[in-house]
Participant: 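Quick one: the structure is below, and I'll ask about it shortly.
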Amino acid sequence: MIRFDRVTKKYEDGTVALKNFSLEISRGELLVLIGPSGCGKTTALRMINRLIEPTEGSITIDGRDISGIDPVELRRNIGYVIQQIGLFPHMTVAENISLVPQLKKWDREACRKRVDELLDMVGLEPDTFRDRYPSELSGGQQQRIGVARALAGEPDIVLMDEPFSALDPISREQLQDDLIRLQSEMRKTIVFVTHDMDEALKVADRIVVMNEKRLVQTGTPDQLLEHP
Ligand code: ADP
Ligand code: ADP
């Protein structure tokens, strides 16, 4: 579904962040990109929604080169969750979650229903949380809202960049468990970046190990545990 074909990224200052990187990601798989800090994970991820453009090579989604797709249009169909949450502080939970549905011109009632459905999905009681502001939530709760917001427009693809890394260990385990449960129901194509192997082994359908701007190994968690 998502295909990197010999992608190289050289930043303006000359830093090469990815070199001849090729990868195919299947529909409905939760693929984890893992590797040490600076190996190019975030660069690869942010190319999928065109926050970063390749210097060489191409990226296609369902066979279509994304360099020909309007970035705003593209991002409406790709959920994005980052470590630093990024909820709008002056908006309520419901307003934060319904940003994309509103952009997609869903009617008010459809937006409301979707907000409650998403709060349920991420384990937060709608009546309790819909009208709260981000500052009134714990870190774990805010990150759940971040996940809900990323899913709100019913995207096919969800990009997650160290989504749980800033959380305490217990919240982190809960969110990992919830992601596994959600994914078993939704079957989105998820690309998940982490530097934590335990997290990768726990959530991944398939793991791609990167080092020094390249893909060094790929396999299911079981395969990687057998042949580390
Ligand atoms: P990771 O996500 O694996 O930590 P990144 O993709 O963030 O790695 O970074 C890969 C390399 O590219 C690193 O050496 C990083 O310092 C460099 N880099 C990232 N963004 C920029 C930028 N905007 N300009 C220059 N170099 C960058
Ligand atoms: P999660 O498990 O989703 O991270 P919790 O509800 O367990 O969230 O909260 C984590 C910590 O944050 C708890 O000690 C909780 O009391 C505190 N907390 C939650 N909401 C608030 C709030 N609105 N203001 C201050 N502290 C809060």
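Everything numeric here is computed off the predicted structure, so don't read it as measured data. We count ligands from 1, going down the list as the structure has it; atoms in each ligand are counted the same way.
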Participant: Are any of the side-chain heavy atoms of Asp178 and Arg144 separated by less than 4.5 Å?
Facilitator: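 Of all side-chain heavy-atom pairs linking Arg144 with Asp178, at least one is under 4.5 Å.
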Participant: Going by atom types only, do Thr42 and Asp161 share a side-chain donor-acceptor pair under 3.5 Å?
Facilitator: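 Result is yes, a qualifying pair exists.
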Participant: Show the atoms of ligand 1 that are less than 4.0 angstrom away from any heavy atom in Thr43.
Facilitator: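 Selected atoms, number and element: 5 (P), 6 (O), 9 (O).
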Participant: So, regarding Cys39 and ligand 1 (criterion: nitrogen or oxygen to nitrogen or oxygen, under 3.5 Å), is there a contact or not?
Facilitator: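 N/O-N/O distance below 3.5 Å exists for this pair.
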Participant: Any side-chain donor paired with an acceptor under 3.5 Å for Thr55 and Tyr11?
Facilitator: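 Side chains of Thr55 and Tyr11: no pair found under 3.5 Å.
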Participant: So, applying side-chain hydrogen bond (donor to acceptor under 3.5 Å, both in side chains) with Thr194, which one of Glu199, Lys202, Lys41 is it?
Facilitator: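 Between Thr194 and the candidates, side-chain hydrogen bond (donor to acceptor under 3.5 Å, both in side chains) is satisfied uniquely by Glu199.
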Participant: Give the numbers and elements of all ligand 1 atoms closer than 4.0 Å to a heavy atom of Pro36.
Facilitator: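 Result: 3 (O).
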Participant: Does only the side chain of Asp13 get under 4.0 Å from ligand 1, or the backbone, or both, or neither? Count heavy atoms.
Facilitator: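 Just the side chain.
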Participant: Is the shortest side-chain N to carboxylate O distance from Asp196 to Arg172 below 4.0 Å?
Facilitator: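 Between Arg172 and Asp196 there is a salt bridge, with a charged N closer than 4.0 Å to a carboxylate O.
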Participant: We want to know whether Asp222 and Thr220 form a side-chain donor-acceptor pair, criterion being a heavy-atom distance below 3.5 angstrom.
Facilitator: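 No pair is found: no donor N or O on one side chain lies under 3.5 Å from an acceptor on the other.
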Participant: Answer whether the closest heavy-atom distance between the side chains of Asn49 and Leu159 falls below 4.5 Å.
Facilitator: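 A side-chain contact exists here, since the closest heavy-atom pair is under 4.5 Å.
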Participant: Please write down residue, atom name and distance for the protein heavy atom closest to atom 7 (O) of ligand 1.
Facilitator: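 Of the protein heavy atoms, Thr42 CB, 3.7 Å lies nearest.
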Participant: Nearest protein heavy atom to atom 12 (O) of ligand 1, by residue and atom, and its distance?
Facilitator: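 Looking only at protein heavy atoms, the one closest to atom 12 (O) of ligand 1 is Ala17 CB, 3.4 Å.
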Participant: Protein heavy-atom contact under 4.0 Å for atom 16 (O) of ligand 1?
Facilitator: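 Within 4.0 Å of atom 16 (O) of ligand 1, no protein heavy atoms are found.
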Participant: Which one of Gly40, Gly38, Ser37 has a non-hydrogen atom at the shortest distance from atom 13 (C) of ligand 1?
Facilitator: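 When every heavy atom of Gly40, Gly38, Ser37 is considered, Gly38 comes closest to atom 13 (C) of ligand 1.
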Participant: Could you tell me, atom by atom, which parts of ligand 1 come under 4.0 Å of a heavy atom of Lys41?
Facilitator: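 With Lys41 as reference, the close atoms of ligand 1 come out as 1 (P), 2 (O), 3 (O), 4 (O), 6 (O), 8 (O).
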Participant: Side chain, backbone, both or neither: which part of Thr15 has a heavy atom under 4.0 Å from ligand 1?
Facilitator: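 For Thr15, only side-chain atoms sit under 4.0 Å from ligand 1.
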Participant: Could you tell me whether atom 21 (C) of ligand 1 has a protein heavy atom closer than 4.0 Å?
Facilitator: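 Within 4.0 Å of atom 21 (C) of ligand 1, protein heavy atoms are found.
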Participant: Val16 and Lys9: side chain to side chain contact (heavy atoms under 4.5 Å, CB included), yes or no, with the steps?
Facilitator: CA-CA 6 Å; Val16 177; Lys9 176 64 188 183; over 6 Å; no
Participant: Considering heavy atoms of the protein only, find what lies nearest to atom 18 (N) of ligand 1 and give residue, atom and distance to 0.1 Å.
Facilitator: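 The closest one turns out to be Tyr11 CE1, 3.4 Å.
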Participant: Heavy-atom contacts under 4.0 Å between Ala44 and ligand 1: side chain, backbone, both, or neither?
Facilitator: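 For Ala44, no heavy atom sits under 4.0 Å from ligand 1.
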